[in-house]
Protein chains: 2
Amino acid sequence: MKTKQNTLYVGSLAKGLRLLRAFDESHREMSLSELAARTGLDKSATQRLANTLHVEGMLDKDPGTRRFRPSHAWLEMAYAYYWSDPLVGQAMPKLINLSQELGETVNLAELSGDHIIYVSRLPCKRTYFAATVIGRRLPALSTSAGRAMLATFPEDEWRAAVDHWPIKPFTPSTTLDRDAIRASVEAAVHDGYAISKGQMILNEMAVATPILGPDGRACAAVQCSVSGHTWDRDRIAAEILPKLQDTANAISPSFLSHRGA
Amino acid sequence: MKTKQNTLYVGSLAKGLRLLRAFDESHREMSLSELAARTGLDKSATQRLANTLHVEGMLDKDPGTRRFRPSHAWLEMAYAYYWSDPLVGQAMPKLINLSQELGETVNLAELSGDHIIYVSRLPCKRTYFAATVIGRRLPALSTSAGRAMLATFPEDEWRAAVDHWPIKPFTPSTTLDRDAIRASVEAAVHDGYAISKGQMILNEMAVATPILGPDGRACAAVQCSVSGHTWDRDRIAAEILPKLQDTANAISPSFLSHRGA
DNA sequence: GCTTTAAGTATTATATAATGATACCTAATG
DNA sequence: CATTAGGTATCATTATATAATACTTAAAGC
């Protein structure tokens, strides 16, 4: 185990975090050996760390199956996050209003490296479970929110992003062609908003408008998801966009601390 | 530092978790020395652990102020939690329907020791920020959801809970009298639902119906919050309750694994 | 129903990796 | 400009995490 050679780096803590991060949508609960296999830690280490996490209330353990799973503490962490993010408090009441006015699903997304992360979701229609859950990370280039945010960056910066940020297919209609994505961001630069179709879910359409920080760079985006069966670009631009933009503008914070590198 | 004398307990990991848990609604970002003071760890330990958490992406660090705060990873943990909790997937579409039908705020709460924790929230009206955020823990006895769940337990068990579980005042009208709480749970045993008023927010009313596990014990509750200015008990019972109960019944799972101790 | 195998649990000697004291640096404050 | 608090870096010491191994339990195969 080549731990980072730094006396300010506590390997045991890092390994414990490895265990926590081993859980995701396709690893919902794990046995000791599954955890060991997935994290690459040996049996003993996994045992010790998992036990510690269990004792400390971070992992629940089914007494019957002896399998571990995330505890309620994981939700409490989201709670603490929300209070620490100045944008959420600003945005929440306005997002609620918006979703009520539109009667459609409204999301708040932030940029997290080259991905976006859904920070708040207000689902109004039945959808896939994944579309209702906060904390989901998606490649920024494949989302209307990501493109709308990128479009507020200096041109060389967003062009570099379009060239290099990751993409991966989610549906048969996910755009994998960077030229097409570039065109989409160009449009967003011009229009001040982005519309996408079928990127994450077949026939789902999304509109997003950036929330601008004091420097003019987007720090987040308000996004609205609708069904492609009942909506088209024109109707979205006419009926959804104005309210979406008002909301995003109303949220844009005066002072906003920058997230550390 | 008296660490628990067990070779299966990794102290460094536990201390790292202490740092994470130091953040809450009134500690949204902290400097190194604040963290040290709050966790009771010495300066060096705090430095090493916080640095590790930063390197591992669990804490953001403002380059200017050098203050730490929860990172987006905290939301990703909530994401993983949601997938691991079988109830949420079951409940989500039904909760969305309910909130749309009622036009009022709908919550899903689970029991977490002697507290309830809000697992899902679908706010429809402007409220206090705290009322819109998932992961919030509240004393079970002070909430309609907690009382509705308790009422499904064997009598000796819920009576013991009423006598011993913690209570604390949130508003001037929070019920601190255990006799009054006992009467409320008794009513819930009889009615199959609980209504409370002004427990957490002045003049806010809440109704809750239990979601029953296969053993007849509630594992969660569906709850609806409304304004006490426009609603009273009778109207809630007449207009909200039926749909609330249908929803809770529809969610009740066939197989539900029990959360580990 | 017995054997085999896999998974979880417990113990221990060993040395690595965490520790905390201290010294250094930086930037506020008076 | 002096003072001080807070953040950062270094290092000798040994406590603490480690990984091998043995033990226990439960499931799978015959």
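Predicted model, so just to flag it, every value in this text is computed and none were measured. Letters A, B, ... are given to chains in the order of the sequence lines, protein chains preceding strands, and every chain is numbered from 1.
As rounded to whole Å, 16 Å separates atom C1' of dG8(C) from atom CE of Met30(A). If you measure from atom CG of Leu13(A) to atom C1' of dA17(C), you get 14 Å, rounded to the nearest angstrom. The distance from atom CG of Leu41(A) to atom P of dA17(D) is 15 Å, rounded to the nearest whole Å. Between the CD atom of Gln47(A) and the P atom of dA17(D) there is a distance of 14 Å, rounded to whole Å. For the pair Tyr9(A) OH and dT19(C) C1', the interatomic distance rounds to 17 Å; values are reported in whole Å. Look at CG on Asn51(A): it is 13 Å from P on dT18(D), rounded to the nearest Å. If you take CG of Leu53(B) and P of dA18(C), they are 13 Å apart, rounded to a whole angstrom.
In this structure, of dG20(C), dT8(D), dA17(D), it is dG20(C) that holds the atom nearest to the side chain of Asp42(B). The side chain of Arg66(A) has dG8(C) as its nearest neighbour among dG8(C), dT19(C), dA19(D). Nearest nucleotide to the side chain of Leu8(B), out of dT8(D), dA10(C), dC11(D): dA10(C). Among the nucleotides dA23(C), dT18(D), dT9(C), the one closest to the side chain of Lys61(A) is dT9(C). Ranking dT8(D), dG8(C), dA18(C) by closeness to the Lys43(A) side chain, first place goes to dG8(C). Listed nucleotides: dG7(D), dA17(D), dT8(D). Nearest to the side chain of Ser31(B): dG7(D).
The base of dG20(C) lies close enough to the side chain of Arg48(B) for a donor and an acceptor atom to sit less than 3.5 Å apart.
A cation-pi arrangement is absent between Arg48(B) and Tyr9(A) under the rule of less than 6.0 angstrom and at most 45 degrees off the ring axis.
Taking all atoms of both residues into account, the shortest heavy-atom contact from Ala78(B) to Leu75(A) is CB-CD2, 4.3 Å. Residues Arg18(B) and Gly40(B) come closest through the heavy atom pair NH2-C, 4.4 Å.
Using a 4.0 Å heavy-atom criterion, one finds that Ser44(B) contacts the bases of the nucleic acid, with or without backbone contacts as well. Note on Ser33(A): only backbone sugar-phosphate atoms sit closer than 4.0 angstrom, heavy atoms only; bases stay farther off.
Sequence neighbours left out, the pairs with a member in residues 16-51 of chain A that pass ring-ring contact (aromatic ring centres under 6.0 Å, His included) are Phe23(A)-Trp74(A).
Side chains of Ser112(A) and Arg137(A): a donor on one and an acceptor on the other come within 3.5 Å. No hydrogens or angles considered: a donor-acceptor pair under 3.5 Å links the side chains of Asp24(B) and Ser26(B).
Between Ser12(A) and Gly64(A), the residue whose closest nucleotide on DNA chain D is further toward the 5' end is Ser12(A). Ranked by how close their nearest DNA chain C nucleotide is to the 5' end, Leu32(A) and Leu49(B) are led by Leu32(A).
For dA18(C), neither phosphate oxygen OP1 nor OP2 lies less than 4.0 angstrom from any side-chain nitrogen or oxygen of Lys15(B).
Using bins of under 30°, 30° to 60° and over 60° for the plane-to-plane angle, the ring pair Tyr81(B)/His72(A) lands in the tilted bin.
Annotation: the terminal axes of the helix from dG1(C)-dC30(D) to dG30(C)-dC1(D) meet at 50°, where each axis is the rotation carrying the C1' atoms of four end pairs onto the next four (5 pairs per end, rounded to 10°).
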In sequence, state the C-alpha distance, the side-chain angles, and the governing distance for Tyr82(B) and Glu25(A), and then conclude on side-chain hydrogen bond (donor to acceptor under 3.5 Å, both in side chains).
CA-CA 8 Å; Tyr82(B) 279 123; Glu25(A) 57 260 70; over 6 Å; no
